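Remember, it's a predicted structure, so these values are computed and weren't measured experimentally. Chain naming here is simple, since letters A, B, ... match the order of the sequence lines and numbering starts at 1 in each.
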Number of protein chains: 2
Amino acid sequence: MLDARKKNVLLAIVQDYIATAEPVGSRTIARKYKLGVSPATIRNEMADLEEMGFIEQPYTSAGRVPSDRGYRYYVDHLMKREELTLDEEKMVLNSYLTKVQDVGEVLRRTGNLLSQITNYTAVVLTTHYGKGTFRHIQIIHMGPGQAMVVLVSDSGAVQHRIIDVPDTIGPDDLDTISRVLNHKLQGKSIKNIRLTLIKEIYFELARQKHVLNMAMDLIQESLTVKTGEKVYLGGIFNILNQPEFHNVEKVKTLLSLLEQEKELSNIIEGVFDARGVTVRIGEELDNERIKDCSVVMASYGMDGKPVGGIGLLGPTRMDYARAYAVVEYITSNLSLVMERLLRGRGK
Amino acid sequence: MLDARKKNVLLAIVQDYIATAEPVGSRTIARKYKLGVSPATIRNEMADLEEMGFIEQPYTSAGRVPSDRGYRYYVDHLMKREELTLDEEKMVLNSYLTKVQDVGEVLRRTGNLLSQITNYTAVVLTTHYGKGTFRHIQIIHMGPGQAMVVLVSDSGAVQHRIIDVPDTIGPDDLDTISRVLNHKLQGKSIKNIRLTLIKEIYFELARQKHVLNMAMDLIQESLTVKTGEKVYLGGIFNILNQPEFHNVEKVKTLLSLLEQEKELSNIIEGVFDARGVTVRIGEELDNERIKDCSVVMASYGMDGKPVGGIGLLGPTRMDYARAYAVVEYITSNLSLVMERLLRGRGK
DNA sequence: GTTAGCACTCTATTATATTGAGTGCTAACA
DNA sequence: TGTTAGCACTCAATATAATAGAGTGCTAAC
């Protein structure tokens with residue numbers, strides 16, 4: 001599609017612009033990147049590239065800047081693989097070495113790590129992991145007329161909720177209900193909790209219909225896939241180091257986006273279907289507020305199944321090669337850590 | 001300490017500066033605030049006020065700006081009480097009306113509410129609430145060699161952790177342990193879990209020493225006061241509307257602070273000893289990074305005991321009267337909501 | 001097809017006035 | 001003695017003009 005020289009010119013433009021944040025001109029290319037041709041020739045090539053939509057001019061007689069399309073071509077065809085330095089790898093490993101008991105803690109740490117290494121903003125997303133099968137329920141008496149339902153799923157997710165109960169119900173009643181539910185629902189997934197089963201339970205616990213309904217509500221909700229989605233951010237302020245965010249207005253729109261977990265998870269969620277690292281550039285993100293940002297992301301998971309995603313958010317001018325390497329390295333490690341932490345679950 | 005006219009001049013300066021963010025001059029005061037004296041007289045007063053340290057000049061021959069000390073005097077002696085509009089009160093009530101089951105959800109909502117009404121950044125802090133007494137423990141089998149300890153305290157806080165257990169221990173063993181622990185520890189606070197009691201339990205469950213230790217760890221940690229502290233932020237980007245944050249450097253230091261929960265909770269924690277609304281201005285915050293910010297905060301609680309705090313963070317030039325009113329109104333409402341949500345607990 | 005040369009464009013930078021709000025001081029006034 | 005008008009002075013902010021410099025597109029020669 002593009003001849004070798006055009007590729008080289010485009011590559012030079014992208015690399016230089018990523019490094020300097022300044023529009024790059026023909027002269028610079030000729031000097032820094034030895035293509036063996038004169039600036040004039042490069043100018044001709046640049047005119048062609050511009051016409052093809054790979055680069056653009058901020059204004060007449062400035063240097064050229066890659067367009068979204070140009071970055072896309074770079075990422076798909078020109079980018080050279082990078083590796084982390086040994087120090088950096090060590091840093092990652094260290095960060096995961098310190099023992100943690102909590103999935104949330106791991107993900108928080110991942111967010112910080114990502115942004116610390118790259119100086120971009122990190123977004124870490126978990127979905128409900130595990131197969132959504134029931135493991136344990138406990139209804140605990142908390143005071144007159146109040147109880148707490150605690151539910152544990154096979155993935156190790158714990159959900160709890162305070163519910164009102166009739167004053168006449170005592171701790172022992174709740175215990176009985178818990179026992180029956182545990183017995184009947186053991187290992188069942190939400191789909192497999194069939195109507196007959198529920199009827200059975202209702203029959204057995206006819207008197208506690210009200211309590212039962214609320215408990216079933218929580219079970220239903222907890223085992224449904226969407227629940228338990230959570231977003232962790234790291235290094236929000238890091239992105240302010242990028243010159244493109246020296247304008248406070250831009251910072252504002254970005255922050256307002258980052259505050260909305262829904263939007264963020266929508267962006268990252270796209271990655272679950274893909275394998276490996278996904279790069280989404282500028283308008284491809286399909287979100288007005290970050291139309292001049294890019295995201296480099298990948299999913300992490302257990303046994304090959306994604307349970308969440310991590311992403312690096314930067315300006316479209318971000319260092320894709322590096323972000324790619326970091327995201328790749330960290331997802332694979334994170335997957336390992338998650339597997340270790342939740343090993344044996346969901347069999 | 002200050003005669004009536006000086007007070008009036010200081011009041012005028014503070015009010016005008018809060019409203020306009022521009023240094024205020026003698027002429028403006030004479031025109032806008034009818035003190036019945038000429039600019040020249042006001043200039044003399046201003047010279048005095050400056051010498052006393054209540055106001056300062058950004059540079060020779062600019063208007064005057066209140067100093068931290070000036071704001072302090074304003075807040076302590078000059079500020080007029082404000083009330084929320086009916087619409088705003090309705091907004092608050094509405095926000096708390098929608099039913100929620102989860103304390104976290106309430107606090108998150110409070111953060112958003114605070115920042116939405118005031119356009120400042122909201123910080124909401126919870127501490128471990130309740131008396132720190134034990135309510136229920138459950139150890140659940142999660143797979144070979146793995147179990148989950150779930151602990152519920154009287155405050156309704158739920159904590160959980162995955163632990164390794166010997167492969168030989170099965171679901172039933174864990175159940176037994178749970179039962180014994182529940183029976184022995186029922187209603188005990190961490191202080192009251194005496195050594196004799198622990199020995200008793202160990203004796204009874206001699207074979208499961210390992211599991212027991214880990215469970216006791218979690219109990220200890222959960223019932224200790226510090227645990228369960230959590231910070232919710234609302235409207236981070238709101239503060240960027242303030243002209244003092246048009247400088248990206250400032251935004252950066254502020255954001256880097258907001259990302260560190262520890263620092264934030266240190267700031268807010270100070271409020272637990274005080275009653276009512278506390279205002280901390282500039283250097284009083286004793287934190288280099290926000291030395292030109294102020295915080296208006298108060299604690300919310302149950303039965304008069306604080307269980308957390310809310311704060312509004314703005315530039316020192318913030319609208320104290322309004323922030324005061326909002327914080328006051330919302331804490332009292334929040335306290336009610338929390339009591340309703342956790343009613344009957346900890347008796 | 002490539003390149004040197006050159007006129008042209010447009011931003012960024014620097015230098016230079018100009019404006020205007022505000023002050024402090026002095027001297028007159030009640 | 002406290003208040004006020006008047007005035008010279010200061011200094012940031014704004015506007016204006018001049019200059020420099022990077023880069024382009026085009027043409028003509030190689």
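- Listed pair B/Ser61 / D/dC11 fails the phosphate criterion, with no side-chain N or O lying under 4.0 Å from OP1 or OP2.
- B/Leu35 places its CG atom 14 Å from the C1' atom of D/dT3, with the value rounded to the nearest Å.
- Distance from the side chain of B/Ser26 is smallest to C/dT23 among D/dG23, C/dT23, D/dT24.
- Between A/Thr60 and C/dC8, a side-chain N or O to OP1/OP2 separation shorter than 4.0 Å is absent.
- B/Arg64 has its CZ atom 13 Å from the C1' atom of D/dT10, to the nearest Å.
- Atom CD of A/Glu22 is separated from atom C1' of D/dG21 by 13 Å (rounded to the nearest Å).
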What protein N or O atoms touch nucleotides 2-4 of chain C N or O atoms at under 3.5 angstrom, if any, and at what distances?
unit_1, atom_1, unit_2, atom_2, d
C/dT2, OP1, A/Arg5, NH1, 2.7
C/dT2, OP1, A/Arg5, NH2, 3.3
C/dT2, OP2, A/Arg5, NH2, 2.8
C/dT3, OP2, A/Ser38, N, 3.1
C/dT3, OP2, A/Thr41, OG1, 2.2
C/dT3, O5', A/Ser38, OG, 3.4

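- Summarising the geometry, the separation between CD on B/Gln57 and P on C/dG22 is reported as 11 Å, rounded to the nearest angstrom.
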_Evaluation steps, side-chain hydrogen bond (donor to acceptor under 3.5 Å, both in side chains), between A/Tyr71 and A/Ser294_ = CA-CA 10 Å; A/Tyr71 285 122; A/Ser294 290; over 6 Å; no

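- A donor-acceptor pair under 3.5 Å links the side-chain atoms of A/Thr121 to the main chain of A/Gly235, judged by distance alone.
- Nearest heavy-atom pair, A/Pro315 versus A/Glu244, reported as atom, atom and distance to 0.1 Å: CB-CG, 3.3 Å.
- Atom pair B/Tyr17:OH and C/dA21:P shows a separation of 18 Å (rounding to whole Å applied).
- Searching all strands for a Watson-Crick or G-U wobble partner of D/dT27 with both distances below 3.5 Å returns C/dA4.
- The nearest whole Å value for the distance from the CZ atom in B/Arg27 to the C1' atom in C/dG20 is 11 Å.
- Looking at A/Arg64, its side chain never comes within 3.5 Å of a backbone N or O of A/Gln57 through a donor-acceptor pair.
- Tested against A/Val9, the residues A/Val14, A/Thr41, A/Leu35 include a single side chain to side chain contact (heavy atoms under 4.5 Å, CB included) partner, A/Leu35.
- The NZ-P distance, from B/Lys6 to D/dG2, rounds to 10 Å in whole Å.
- For A/Ser67 (side chain) and A/Phe54 (main-chain N/O), a donor-acceptor pair under 3.5 Å exists by modelled atom type.
- To the nearest angstrom, C1' of D/dG23 lies 14 Å from CG of A/Asp16.
- Residue A/Thr28 places none of its side-chain N or O atoms closer than 4.0 Å to OP1 or OP2 of D/dA22.
- Annotation for A/Val24 and A/Ile13: closest pair CG1-O, 3.7 Å, computed over non-hydrogen atoms.
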